[in-house]
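To start, the structure under review is shown below, and the notes come after it.
In what follows, chains carry the letters A, B, and so on, assigned in the order in which the sequence lines appear, proteins first and then strands, with residues in each chain numbered from 1.
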Protein chains: 2
Amino acid sequence: MSEFMDVYTRASKLVRGVTDAAMRRHGLHLGQNLVLAALWEADGQTPGAIAATAEVTTPTIVKMANRMSAAGLVVRRRDDRDNRLVRLYLTDAGRALRGPIENEMKSIEAQLTAGLDESEAKALMAVLGRVADNARAQLADPVIDC
Amino acid sequence: MSEFMDVYTRASKLVRGVTDAAMRRHGLHLGQNLVLAALWEADGQTPGAIAATAEVTTPTIVKMANRMSAAGLVVRRRDDRDNRLVRLYLTDAGRALRGPIENEMKSIEAQLTAGLDESEAKALMAVLGRVADNARAQLADPVIDC
DNA sequence: CAGAGGTCGCTAGCCGGGAAATGACTTGAC
DNA sequence: GTCAAGTCATTTCCCGGCTAGCGACCTCTG
C-alpha cells in the first residue's frame with residue numbers, strides 16, 4: 001500500500017471535516033465558499049468559468065448556484081449578448097460574507113499549520129502546487145490502461 | 001484570502017479527480033477502496049471501526065457496505081456475541097482486488113510526486129501528517145465561536 | 001432483578017461531486 | 001441563407017459525505 005496516499009487521504013478527510021464545520025458556522029455548505037470566492041474576485045461569472053476555476057464540473061456549480069440563489073446569496077441572469085450564458089451576481093448577503101469567510105480561512109490555515117515554521121509551510125505549499133499540477137496533467141492526459 | 005487554503009483546496013480536488021478515475025477503472029467508487037483496504041488488513045471489522053480508521057462517519061460506511069455487498073465485494077454478518085454489531089467480510093472478489101488497487105495506488109503516488117526528489121516527498125508526508133494531526137485535534141476540540 | 005446509561009447500526013434527508021444525455025443557442029463554412 | 005459543428009447550461013441519476021434521530025442491544029449500578 002502507498003504510504004503517501006494513506007497520509008494524503010487521511011489529511012484530506014480531516015481537513016475537509018474542519019473546513020466543513022467552519023463553513024457551516026456561517027450558514028454555508030462546503031464548496032459554496034468557492035463559488036462566492038470566485039464572484040468576490042469577479043462578479044458576474046458564468047457557471048462554466050467558475051467550475052473551471054474551482055476544478056469541478058459545470059453541473060456541480062449549476063446545482064450549487066440554484067441553492068445559493070434560493071438562499072439569497074446570488075442571483076442568476078442571462079447574458080446580454082449570448083443567450084446560452086447565465087451569469088451569477090452576488091447579493092448584498094453574498095458580499096457581506098466575504099470578511100467572515102476570509103477570516104475563517106485564515107484561522108483554519110493557522111490551526112492546520114500550527115507547529116510548522118514559516119519555511120515548512122512555504123515548502124508545503126510549493127510541493128502541493130507541484131502535486132496539483134501533476135494531477136492536472138494526469139487528468140488532461142489520461143493513461144490508456146488496457 | 002488564505003493562499004494556503006487555496007493551494008490545498010485545489011490540490012485536493014485534483015488529486016480526488018485522479019484517484020476517482022483510477023478507482024472507476026477497477027469498478028469501484030472512490031471511498032470503497034478505503035473499506036476494502038481496512039478489510040484487507042483485518043477482515044471482519046465493524047462499520048464503526050472502519051469509519052474511525054477512514055475518518056468518516058458510520059452511516060457512510062453502512063451505506064457503502066450495503067452497495068458493496070450488493071456488488072459482491074463483501075458480505076455482512078451479525079457478531080456472534082453482541083447482537084448490536086455487524087461485521088463485514090471480504091468475498092473472493094473483494095480479496096482479488098487487493099493487488100490491482102495497491103498497484104494503482106503506487107502508480108498514482110508516482111504520478112503525483114513526479115519531479116519531487118525523495119527528501120521533498122518525505123518532507124511532504126511528514127508535514128501532511130502534522131496537518132492531519134492538527135485537523136484531528138481541531139475536530140475533537142472545536143472552537144466555541146460565539 | 002430492574003432500570004438508567006451507553007453503544008451500535010440504521011434510516012431519512014440534505015448536500016456536493018461526476019457522467020450521461022438533452023435542448024437551446026451561436027458560429028462558421030458553403 | 002442554410003446547415004453542421006461547437007458551446008453552454010440544464011436535468012437526471014448515481015455516488016460518497018454529514019447530521020439528526022431512532023430502535024435494539026449490552027453493561028453497569030443500586
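- Rounded to a whole Å, the CZ atom of B:Arg84 is 16 Å from the P atom of C:dG5.
- A:Val86 and A:Leu34 fall into different hydrophobic clusters, defined by Ile, Leu, Val, Met, Phe, Trp and Tyr side-chain heavy atoms under 4.5 Å apart, directly or through other members.
- Atom CG in A:Asp80 sits roughly 16 Å away from atom P in C:dC25 (whole-Å rounding).
- Note: CG (B:Leu85) to P (C:dG6) measures 18 Å, nearest angstrom.
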Quiz item: When every nucleotide of nucleotides 10-19 of chain D is labelled 5' to 3' by its protein contacts under 4.0 Å (heavy atoms), B for base, S for sugar-phosphate only, - for none, what sequence of letters results?
Solution: BB-B-SBBBB
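- A distance of 6.5 Å separates CG in B:Leu73 from CD in B:Gln32, rounded to the nearest 0.5 Å.
- Qualifying side-chain hydrogen bond (donor to acceptor under 3.5 Å, both in side chains) partners for B:Arg77, counting only residues two or more places apart in sequence or in other chains: none.
- Within 4.0 Å of B:Arg81, counting heavy atoms only, lie sugar-phosphate atoms of the nucleic acid but no base atom.
- For the pair B:Asp79 CG and C:dT7 C1', the interatomic distance rounds to 13 Å; values are reported in whole Å.
- Atom pair B:Asp82:CG and C:dG9:P shows a separation of 9 Å (rounding to whole Å applied).
- Rounded to a whole Å, the CZ atom of A:Arg87 is 14 Å from the C1' atom of D:dT7.
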Quiz item: Could you go step by step and tell me if B:Lys122 and B:Glu118 meet the salt bridge (Lys or Arg N to Asp or Glu O under 4.0 Å) rule?
Solution: CA-CA 6 Å; B:Lys122 271 187 159 320; B:Glu118 183 99 17; 5.2 Å; no
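- Between the side chain of A:Gln111 and the backbone N or O of B:Gln138, no donor-acceptor pair lies under 3.5 Å.
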Quiz item: Are B:Arg10 and B:Asp6 close enough, and set up right, to give a salt bridge (Lys or Arg N to Asp or Glu O under 4.0 Å), and what steps lead you there?
Solution: CA-CA 6 Å; B:Arg10 177 168 179 259; B:Asp6 282 351; over 6 Å; no
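- With rounding to whole Å, B:Met23 atom CE is found 17 Å from C:dG18 atom P.
- The distance from atom CG of A:Leu73 to atom P of C:dC15 is 13 Å, rounded to the nearest whole Å.
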